[in-house]
**Student:** 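Just dropping this structure here.
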Amino acid sequence: MTENHSRRGFPVRGATVLVTGANRGVGRALSRECLTRGAAKVYGGARRPEEGGDPDIEYLELDITDPRQVADAAARCGDATLLVNSAGIFRAAPLLGARSTADAREEMETNYFGTLSMIRAFAPVLAANGGGAIVNVLSVLSFINFAPWGSYSAAKSAAWSMTNSVRDELAPQGTRVVGVHAGLVDSDMTRGMEYPKISLDVFVAALMDGLENGDIEVLVDRHTRAFKALLVGHPNNQSEQPSPESVAQ
Ligand SMILES: NC(=O)c1ccc[n+]([C@@H]2O[C@H](COP(=O)([O-])OP(=O)(O)OC[C@H]3O[C@@H](n4cnc5c(N)ncnc54)[C@H](OP(=O)(O)O)[C@@H]3O)[C@@H](O)[C@H]2O)c1
């Protein structure tokens, strides 16, 4: 850990926000909640911006796997102070039982590389605007693997690791980085799954409360908290900077 990640809340009131995947599901609900909490402006990134439908949100075409669209978004949203990475895909595929590695590659391309590309593009924007904050929407499957959905687990675990690394890299410029983990949330992604689900309202409130309270990791539901507790400690809990020798032991 290169920086003491002290608790410092990020107020949504007055922020200029870009939410990815803003046309439906979690991204749409988060965009709306930012306005409710007093954001000055909300940009909604979407592959099909015409689906957004909220007159108070400024939609832009944004496929997070398209480098040109990511660069265009960073240029257009030069006033952003908060980036919320919600866009993601879930192929419900095992690693070995799938016919090919196509699903695993797509999930990694979107959930890991797409999110990383957004952070790389927006880090200078946030720095220029005083530091700001980034929220990455992750999953309980960052912490545990579930074999029938193995490739999603791997991609979300990679994104969790990336979240913790960029938190350290961006600390010197004053950018807070928050990871949000939850079990099943009631959206298109989980349609047809007959399991208990977290409502969009509860998910969005937990995320925003955590961001505003200064949490760097938000564990939305009790199952996610229980699974995280089975791992040991804080996500950036190294007492000293790890060396290749220390991580090899
Ligand atoms: N639902 C859950 O149970 C759950 C639980 C924990 C975490 N999450 C995470 O929460 C996030 C949002 O999921 P959700 O429940 O809202 O899913 P969803 O209802 O399936 O919506 C996914 C959103 O991501 C967008 N998206 C996918 N690929 C994209 C790309 N390459 N570029 C830009 N946008 C893209 C979709 O756009 P299109 O309309 O163009 O497809 C859609 O807006 C995801 O990261 C997901 O992994 C979900």
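Order of listing sets the numbers, starting from 1, for every ligand and every atom in it. For clarity, every value in this text was computed on a predicted model and none was experimentally measured.
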**Student:** Is the closest heavy atom of Gly183 to ligand 1 under 4.0 Å?
**Tutor:** yes
**Student:** Just verifying a value: how many Å separate Thr115 OG1 and Leu138 CG, rounded to the nearest 0.5 Å?
**Tutor:**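 Answer rounded to 0.5 Å: 8.0 Å.
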**Student:** Is it the side chain, the backbone, both or neither of Val26 that has a heavy atom closer than 4.0 Å to ligand 1?
**Tutor:** both
**Student:** Tell me, do Ile144 and Val140 make a side-chain contact under 4.5 Å, heavy atoms counted?
**Tutor:**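 Heavy-atom side-chain distance check passes, below 4.5 Å.
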**Student:** Using a 4.0 Å heavy-atom cut-off, which part of Arg48 comes near ligand 1: side chain, backbone, both, or neither?
**Tutor:** side chain
**Student:** Provide the number and element of each atom of ligand 1 under 4.0 Å from a heavy atom of Ala182.
**Tutor:** 6 (C)
**Student:** List the closest protein heavy-atom neighbour of atom 48 (C) of ligand 1: residue, atom name, distance to the nearest 0.1 Å.
**Tutor:** Met189 SD, 3.7 Å
**Student:** Stepwise, does the side chain to side chain contact (heavy atoms under 4.5 Å, CB included) test hold for Ile119 with Asn85?
**Tutor:** CA-CA 9 Å; Ile119 293 171; Asn85 288 306; 3.7 Å; yes
**Student:** Does this structure show an ion pair linking Arg47 with Glu61, if we count only N-O contacts that are shorter than 4.0 Å?
**Tutor:**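 Judged by the 4.0 Å cut-off on N to carboxylate O distance, Arg47 and Glu61 do not form a salt bridge.
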**Student:** Is the closest side-chain donor-acceptor distance between Glu107 and Trp149 under 3.5 Å?
**Tutor:**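 No - no donor-acceptor pair under 3.5 Å links their side chains.
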**Student:** Nearest 0.5 Å, what's the OG1-NZ distance between Thr81 and Lys41?
**Tutor:** 10.5 Å
**Student:** I'd like to check which ligand 1 atoms, numbered from 1 as shown, lie under 4.0 Å from a non-hydrogen atom of Thr190.
**Tutor:** 1 (N), 2 (C), 3 (O)
**Student:** Check the side chains of Thr224 and Asp221 for a donor-acceptor pair under 3.5 angstrom, ignoring hydrogens and angles.
**Tutor:** yes
**Student:** Tell me, which protein residue and heavy-atom name are nearest atom 31 (N) of ligand 1, and how many Å apart are they?
**Tutor:** Asp63 OD1, 2.9 Å
**Student:** When you look for heavy atoms under 4.0 Å from ligand 1, do you find them on the side chain of Leu62, its backbone, both, or neither?
**Tutor:** backbone
**Student:** Has ligand 1 got any nitrogen or oxygen that is less than 3.5 angstrom from a nitrogen or oxygen of Gly27?
**Tutor:** no
**Student:** Tell me which part of Leu138 gets within contact of ligand 1: side chain, backbone, both or neither, using heavy atoms under 4.0 Å.
**Tutor:** backbone
**Student:** Under a 3.5 Å distance rule, please check whether Thr36 uses its side chain to pair with a backbone N or O of Arg32 as donor and acceptor.
**Tutor:**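 Confirmed, Thr36 side chain pairs with Arg32 backbone.
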**Student:** Give the residue, atom name and distance (to 0.1 Å) of the protein heavy atom nearest atom 14 (P) of ligand 1.
**Tutor:** Ser187 OG, 3.5 Å
**Student:** Suppose I only count heavy atoms of Ile89 and a 4.0 Å limit; which atoms of ligand 1 are within that range?
**Tutor:**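 Near Ile89, meaning under 4.0 Å from one of its heavy atoms, ligand 1 has 27 (C), 28 (N).
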**Student:** Distance to 0.1 Å, residue and atom name: give those for the protein heavy atom nearest to atom 8 (N) of ligand 1.
**Tutor:** Tyr152 OH, 3.7 Å
**Student:** Who's the nearest protein heavy-atom neighbour of atom 2 (C) of ligand 1, and how far?
**Tutor:**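 Here the nearest protein heavy atom works out to Val185 N, 3.4 Å.
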**Student:** At less than 4.0 angstrom from any non-hydrogen atom of Ile64, what atoms of ligand 1 do you find?
**Tutor:** 30 (C), 31 (N), 32 (N), 33 (C)
**Student:** For Val137, counting its heavy atoms only, list the atoms of ligand 1 lying under 4.0 Å from any of them.
**Tutor:**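 Answer, ordered by atom number: 9 (C), 10 (O), 11 (C), 45 (O).
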**Student:** Please say whether Ser139 places an N or O atom under 3.5 Å from an N or O atom belonging to ligand 1.
**Tutor:**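 Among all N and O atoms of Ser139, none is under 3.5 Å from an N or O of ligand 1.
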**Student:** Could you tell me, atom by atom, which parts of ligand 1 come under 4.0 Å of a heavy atom of Gly25?
**Tutor:**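 What qualifies from ligand 1 is 16 (O), 19 (O).
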**Student:** If we ignore hydrogens and angles and just use 3.5 Å, is the side chain of Arg225 paired with the main-chain N or O of Leu219 as donor and acceptor?
**Tutor:** yes
**Student:** Measure from the side-chain N and O atoms of Asp215 to the backbone N and O of Leu211, and report whether any donor-acceptor pair falls under 3.5 Å.
**Tutor:** no
**Student:** Side chain, backbone, both or neither: which part of Lys156 has a heavy atom under 4.0 Å from ligand 1?
**Tutor:** side chain
**Student:** Run Asp54 and Arg28 through salt bridge (charged side-chain N to carboxylate O under 4.0 Å, His left out) and show every step you take.
**Tutor:** CA-CA 9 Å; Asp54 189 324; Arg28 180 202 285 260; over 6 Å; no
**Student:** Is the distance between the ring centroids of Phe90 and Tyr152 under 6.0 Å?
**Tutor:**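 Centroid distance Phe90-Tyr152: below 6.0 Å, so yes.
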**Student:** Would you mind checking which non-hydrogen protein atom is closest to atom 18 (P) of ligand 1, with the distance to 0.1 Å?
**Tutor:** Arg24 NH1, 3.7 Å
**Student:** Which residue holds the protein heavy atom closest to atom 43 (O) of ligand 1, what is that atom called, and what is the gap in Å?
**Tutor:**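 Going atom by atom, the protein heavy atom closest to atom 43 (O) of ligand 1 ends up being Asn23 OD1, 2.7 Å.
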**Student:** So, does Phe203 sit close enough to ligand 1 that a heavy atom of it is under 4.0 Å from the ligand?
**Tutor:** no
**Student:** Judged by modelled atom types alone, do Thr65 and Glu109 share a side-chain donor-acceptor pair under 3.5 Å?
**Tutor:** no
**Student:** Check ligand 1 against Thr65 and write out every atom of the ligand that is under 4.0 Å from a heavy-atom position of the residue.
**Tutor:**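 Selected atoms, number and element: 31 (N).
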**Student:** One residue to check: Phe90. Relative to ligand 1, which of side chain, backbone, both or neither has a non-hydrogen atom less than 4.0 Å away?
**Tutor:** neither
**Student:** Taking atom types as modelled and ignoring hydrogens, do the side chains of Ser199 and Asp186 form a donor-acceptor contact shorter than 3.5 angstrom?
**Tutor:**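 Checked: Ser199/Asp186 side chains show no N/O donor-acceptor pair below 3.5 Å.
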**Student:** About how many Å separate CZ of Phe10 and CG of Leu82, when rounded to the nearest 0.5 Å?
**Tutor:** 5.0 Å
**Student:** Please confirm whether Ser86 approaches ligand 1 to less than 4.0 Å, judged on its heavy atoms.
**Tutor:** yes
**Student:** Supply the atom-to-atom distance Leu18 CG to Met118 CE, rounded to the nearest 0.5 angstrom.
**Tutor:** 5.0 Å
**Student:** Would you mind listing which atoms of ligand 1 come within a distance below 4.0 Å of any non-hydrogen atom of Leu184?
**Tutor:**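 Every atom of ligand 1 under 4.0 Å from some heavy atom of Leu184: 3 (O).
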**Student:** Starting from atom 22 (C) of ligand 1, what is the nearest protein heavy atom, named by residue and atom, and what distance separates them?
**Tutor:** Gly88 O, 3.6 Å
